[in-house]
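Keep in mind that the numbers below use all heavy atoms, side chains included, and drop hydrogens, waters and symmetry copies. Within every chain, numbering begins at 1; the chains are lettered A, B, ... in the order of the sequence lines, protein sequences first and strands thereafter.
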Amino acid sequence: MSITNLSSSITSTLAEFGLLDKLIFRAVPGVVEGEHSDALFMFILWVSVFFFVLLMALMVLFVIKYRRRPGTHAPVSAAHNTPLEIAWTVIPSATLVVMFFSGFKGYVAKSVAPSDAVQMHLTAKMWNWSVTYPNGVQSITTTTTSEGGPVDVPIFYFPAGKPVKLLMTSQDVIHSFWVPDFRKKFDVFPNRNTTFWFQPEDLSPEDLARGHRDHWVFCAEYCGTDHSEMAAIIRIVPMRTFVQWLQNAGSDRPLPPLQLGAALYKAKGCASCHTVDGSASTGPTWKNLYGYEQEITGGPTVIADENYIRESIYVPAAKVVKGYPNQMSPYAGQINEEQLAALIVYMQSLSDRGPKQDFDEVSQPANENGAEGADTPPVSESH
Amino acid sequence: MATINTRPESQPLWQRPKVAHHFRSHDEEFDASKLGMWLFLATEVLLFGGIFLAYTIFRYWYPEAFRNGSGYLSPFFGGLNTVVLLISSWTMAMSIHYAQTNQQTKLRVFLMVTFLAGLAFLVIKLVFEYIPKWSLGKRPGIWFNFPGASDPHEPIWWSIYYGATSLHALHVIIGMSLIFWVFTRSLKGMYGPKHYTGVEVVGLYWHLVDLIWIFLFPLLYLIH
Amino acid sequence: MTTLPTHGHSGGHDHAHDHHDEGSYLTPRAGGFWSVIWSWATTVDHKKIGVMYLTAVLFMFFLGGVAALAVRAELWEPTRIAADGTVHGQMFNIPNPGEEGSRTSGNNTYNRIFTLHGVIMVFMVIVPSIPASLGNFFLPIMVGAKDVAFPRLNLLSWYIYVFGSMFGIASIILGGVDTGWTFYTPYSAQTDADHIRVVFMVLAAFILGFSSILTGLNFIVTVHKLRAPGMGWFDMPLFIWAVYATSIIQVLATPVIGVTLLLLVYERLFNFGIFDPAMGGDPVLYQHFFWFYSHPVVYVMILPAMGVISEMLAVHSHKRIFGYRAIAFSSLGIAGVSFIVWGHHMFASTGELAAAIFSALTFLVAIPTAIKVFNWIATLYKGSISINTPMLYTLAFLFTFSIGGLTGLPLGALATDLHLHDSYFVVAHFHYVMMGGTIIAFVGAIHHWWPKMFGKMYNEPAAMLGCVLVFIGFNVTFFTQFFLGTQGMPRRYATYVDEFQTLHQISTVGSWILGLGFLIHLFVFLHSLFAGKQAPPNPWGGLTLEWEIESPPSEHNFHHEPLVKHGPYDFETVVPPHCDPADYPLPDPSQLRHIHKH
Ligand code: HEA
Ligand code: HEA
Ligand code: CUA
Ligand SMILES: [Cu+2]
């Protein structure tokens, strides 16, 4: 699905963000797919207004025109009219077909990340969000002011114009990651990975003057006491600012996920059964495992995605790759979410189908204090 | 219109039935009761449908756990219980037959036998299945404490097993209570040819309880 | 169907006057206060049971409404919990034991109130509202029966309803529940882990389900077996069709929520783990189970409302309903398709394929509803329309329900739902269909049948004022919420960012107008009961069977088994029973030739 197509077809409708748009959407969408779904919303709105006004006008007209006059009978009229009935079945149905297809198209655009999106990890817990950047830096908290006084919220920096794919998981109950300005949300589950991708629109001149553009993040799935406090801010900044921020953010930061994964591969004993160079061993090799189809003993073929890897580490017996013995012991309780995420990143880096793990600009010597840039992980060669 | 009851007191109760005032005839009342029971059975099927669905989904996800799990069950006692229930279904059907043919003693005896078969089912279930398994640690969910387990999802299997069989056992108990109620009414001579709505309707229910077991038994005990 | 061009009514009416000394179903047999109470508590008369349901449901509606006003009051201010822990702008803060001084116990209070509101409104008000109260009272009469098929079962379902509601109330008294009306796992399985009240609330919903199964079952059998001679399926009033379709859904869908809630109880009491991801269970499985019931149940809520709308529309515009068969069949169509669209509540949690299928089916279910709306408007065409409270409510329904239904479309479209899901747009949508659809139809129908049920007229101008206030208040309250939703306000939020305050305040003001409107209705009803004028048997000129008998009906409804000789909407050929032909003159028969039979 080509996003550019989508946008060019609708930019004209969005040329002007008028009063009505402001009342409805408050702010222009921060991503291209948002423009499409706004246009679809407006289409549904106008179809609805058309039928609603038509019906209500007729209703009021009839009530006035045919009000009861005691002593006279109602004018005789048919109780049935086939052409009319066919018309009012077919015409609305036709508009529904348009809504369905357009809705599906937009849904795919919203849910399928482009292959050059850089992957990061988003963790939800009661009642907080955090993002782990490719170099291991954790998102920070900022204090913003509101009428009631200062409030602490997590703030996530992202570069303008670059596609990002968040790999999301929750540590407790279900949450939902909603960025109203991106016109999109997706649920975040415990014990499972879901994704949320976006490519922030470039910064406008006003944004650039301010240095950034902010978008609210809200938790949209009810998750208990402080569900309504579970907000965050996405701050879109120019690439240069982003790179600087990333490198200054954590001086005592933990290992970046990729390096942590590589270390765990040895430390947890994975290496004794799994190779990383494609050679055979007790278990399947990790080389080109991620993203490839695996034949399962006594079951259907599966794609080795994040959720498959999660299951195979926590519950190895669930889906054993054909031709290998079922003898790995389960690692549930021994590998936590963070370590799991790191192992997945490591496996992804070993596969030519793995996602992009960092921005190209990060490793380029574009920044002044390039010394620190050296310890950012290598970008996977595939892109 | 309600049939006006003009028969002498000396006649057995079933020959002087009281048709509820809003039914036109006894036949209509009989039909209505049967339709009502069939609808109720539909709800029961759907109730268990939820359980069967959960079974199917988890079996698909965790085939190993379910294979191991059903391996722990005893097809012998499960089979025995199946036989017990099948017999009870037959005795239930026979009691309807005896009501239709006005054989009052046999009607009562067969109702009692059906009741006892239900009891036997529960006893077998409890004494030979629940208690030994529970004491070995083969328990549902968080209670699971069986050292011999080889699949981490066996607690889920036991949850499904206990969930399904306990819900079924509850239905056996309800069915037995209904049978007992019909039995006491039969002692008063309330059932006879053409007037056996109660027996018929309770019979339908009992057959459903049986039928659900016929599905549960192979799913839980036999398919490995 | 036989249509007699003369005054052909059922046999019952000719003799109605001879029997007035028999008294109505409301006339106490004898004895003092307690024996009257006892006679109500043990009654198997469908009319008394209907009245008892009506009372209970209205009481629950009042409770749920008070909770709603509390929700709106809390949302007057954004309420910020500042970095230093100070809380600004909070209305309610009822800490749980042990939680005092916690900076966010106010949020807890809010969460309990909206859960309470949702649970009461859904399980105790709207599901039983029209079918159990008005359906119980009028379904047997309208098919010409003396009672429902199983009167004792009927009484039992009322007691089950009360019993279930008590469980709900007990859980509130024990401290309230903060799960939302959807009880999503894993949150619902772990909140207040050591307390029984969540189990109580879930059990309440479970028990109430039984009540609605038994009612539905009773109605299906009644419609099948107890129709009066001469009443074929297509001579049934549309209200009966609607309740019949509703009953089918109730019987087929409720058991599934039964087993779901039961598994949830297992989960909480015994930690079964079926919905617990930590144990290999699946929380999304719970959502599928829940919505498999709870989507069809939204049509349980709306179909009876559509039924009473059809009745009121025909009677108060004195006109044959347009497209009888289309309306009847679309009820069944809605009932059928409603079982396969549940996934549209989970677009933000399922995969693409499922989402696409459920989205397509969702649009499919909108079509029969659209057909009905068109038919209703066409019924007004060339009618003879009386403006009174029932008719005003009918028009209000057409207005608000259309908005509610049409706003279901952007929710059903995938791309837009990813934005709107779990926002105030959804809140506004479902209030427009539930409150603006069902409750408005319900209140209108209470007025429509009030004279029949209690034998008293109500004060028309006052009731119309109430209706206007409810209509205005309702739209002010909830229309604003569409904008809140599209602008990004999530639902179930005790606190919110400052941007949304203006819209929230407008909404809150609307809720006061709404409350005032209902208060007026309450007074109108009380006034009518104690000081209302005696009602004639057929104040509106209706043709269905309930208008042929006395107001209020006698204990056995009909003195003779009715024989149905004309259709429910043959206004062109039949003078309404008990009415003066001069008030309802018939058109010249020669004009009728081109009328199609329905
Ligand atoms: C009475 C109850 C009722 C009714 C009748 C409906 C009717 C519909 N609902 Fe609604 N719905 C709810 C109660 C109801 N709903 C509730 C309670 C929730 C939220 C639950 C929760 O999460 O707490 C919900 C949520 C909900 C969602 C999930 C939103 C989300 O959480 O993301 C969706 C998505 O598809 C949806 C769609 C629809 C549709 C398409 C209809 C259709 O049936 C509407 C059909 C009607 C019309 C279309 C209008 C009339 C027709 C015309 C005026 C003619 C012109 C017509 C056309 C052009 C088509 N509803
Ligand atoms: C039938 C269903 C129904 C009805 C009628 C209503 C009625 C109202 N509801 Fe709601 N509501 C729900 C079902 C319903 N609701 C559900 C299911 C939820 C979701 C819960 C969840 O998220 O879990 C919800 C959630 C909900 C929210 C969102 C909470 C949140 O997400 O944070 C809000 C906020 O404004 C709200 C407001 C209101 C208001 C102001 C009314 C008003 O219309 C109320 C007006 C009524 C009164 C003011 C009572 C007055 C009565 C009398 C005076 C007695 C006399 C009566 C007569 C004689 C007729 N409701
Ligand atoms: Cu997290 Cu709501
Ligand atoms: Cu739905």
| query | Have C:S317 and A:R67 got a donor and an acceptor in their side chains that come within less than 3.5 Å? | reply | no

| request: Examine whether an atom of A:S111 lies under 4.5 Å from a heavy atom of chain C, and if so say whether it belongs to the side chain, the backbone or both; otherwise answer neither. | output: side chain

| message | Can you tell me which portion of C:L503 sits under 4.5 Å from chain A's heavy atoms? Options are side chain, backbone, both or neither. | response | neither

| message | Please classify the contact between A:E221 and chain C as side chain, backbone, both or neither, with a heavy-atom cut-off of under 4.5 Å. | response | both

| query | If you measure from the Lys or Arg side-chain nitrogens to the Asp or Glu carboxylate oxygens, is any gap between A:R192 and C:D282 under 4.0 Å? | reply | yes

| field | chain C interface, residue from A:W178, A:F101, A:F104 that has the most non-hydrogen pairs under 4.5 Å | value | A:W178

| request: Heavy-atom pairs under 4.5 Å with chain C are the metric here; pick the option from A:L40, A:L54, A:L55, A:L58 that has the most. | output: A:L55

| field | Segment of C:T185 engaging chain A (4.5 angstrom heavy-atom cut-off) | value | backbone

| query | Picking from A:R69, A:M56, A:M59, A:K184, which has the most non-hydrogen pairs under 4.5 angstrom with chain C? | reply | A:M59

| field | Under 4.5 Å from any heavy atom of chain A - which part of C:I387 | value | side chain

| task | Can you tell which part of C:F482 gets under 4.5 Å to a heavy atom of chain A, answering side chain, backbone, both or neither? | result | neither

| request: Supply the atom-to-atom distance C:S349 OG to C:Y184 OH, rounded to the nearest 0.5 angstrom. | output: 6.5 Å

| request: Under 4.5 Å heavy-atom distance to chain C, tell me which part of A:D187 shows up: side chain, backbone, both or neither. | output: both

| query | Side chain, backbone, both or neither: which part of A:W88 has a non-hydrogen atom closer than 4.5 Å to chain C? | reply | both

| said: What part of C:M489 gets within 4.5 angstrom of chain A, counting heavy atoms only: side chain, backbone, both, or neither? | reply: backbone

| task | Classify the ring geometry between A:F177 and A:F196 as parallel (under 30°), tilted (30 to 60°) or perpendicular (over 60°). | result | perpendicular

| task | Indicate whether any N or O donor in one side chain lies under 3.5 Å from an N or O acceptor in the other, for C:Y187 and C:D178. | result | yes

| request: For the pair A:E33 and A:R183, find out whether any cationic side-chain nitrogen is under 4.0 Å from an anionic carboxylate oxygen. | output: no

| remark: Turns out that what part of C:F399 lies under 4.5 Å from chain A's heavy atoms comes down to both

| message | Quick check with a 6.0 Å cut-off and a 45 degree axis cone: is A:R68 positioned over the face of C:Y584's six-membered ring? | response | yes

| request: Test side-chain hydrogen bond (donor to acceptor under 3.5 Å, both in side chains) on C:T362 and C:H344 and set out the steps. | output: CA-CA 7 Å; C:T362 300; C:H344 69 203; 2.9 Å; yes

| C:T179, part contacting chain A, at a heavy-atom distance under 4.5 Å | backbone

| request: On the 0 to 90° scale, with breaks at 30° and 60°, tag the C:Y493-A:F218 ring pair as parallel, tilted or perpendicular. | output: perpendicular

| field | Heavy-atom pair count under 4.5 Å with chain C, highest-scoring of A:F182, A:F25, A:Y66 | value | A:Y66

| request: Give a yes or no on whether a salt bridge exists between C:D422 and A:K185, defined as a side-chain N under 4.0 angstrom from a carboxylate O. | output: no

| Residue C:D580 versus chain A: region with a heavy atom under 4.5 Å | neither

| said: Please classify the contact of C:F322 with chain A as side chain, backbone, both or neither, using a heavy-atom distance under 4.5 Å. | reply: both

| query | Measuring heavy-atom distances to chain C, does A:I44 have an atom under 4.5 Å in its side chain, in its backbone, in both, or in neither? | reply | side chain

| Heavy-atom proximity to chain C below 4.5 Å, by part of A:K22 | backbone

| said: Counting heavy-atom pairs under 4.5 Å with chain A, which one of C:A356, C:A326, C:S402 comes out on top? | reply: C:A356

| said: So for C:P283, is it side chain, backbone, both, or neither that comes closer than 4.5 Å to the heavy atoms of chain A? | reply: side chain

| request: Check each atom of C:N388 against the heavy atoms of chain A and say whether the ones under 4.5 Å are side chain, backbone, both or neither. | output: neither

| Hey, do the aromatic rings of C:W540 and C:H316 have their centres closer than 6.0 Å? | yes

| message | I'd like to know if the side chain of C:T416 reaches the main chain of A:S37, judged simply by a donor and an acceptor atom lying under 3.5 Å from each other, with no hydrogens or angles considered. | response | no

| Parallel under 30°, tilted from 30 to 60°, perpendicular over 60°: which one fits the rings of C:Y381 and A:F62? | tilted

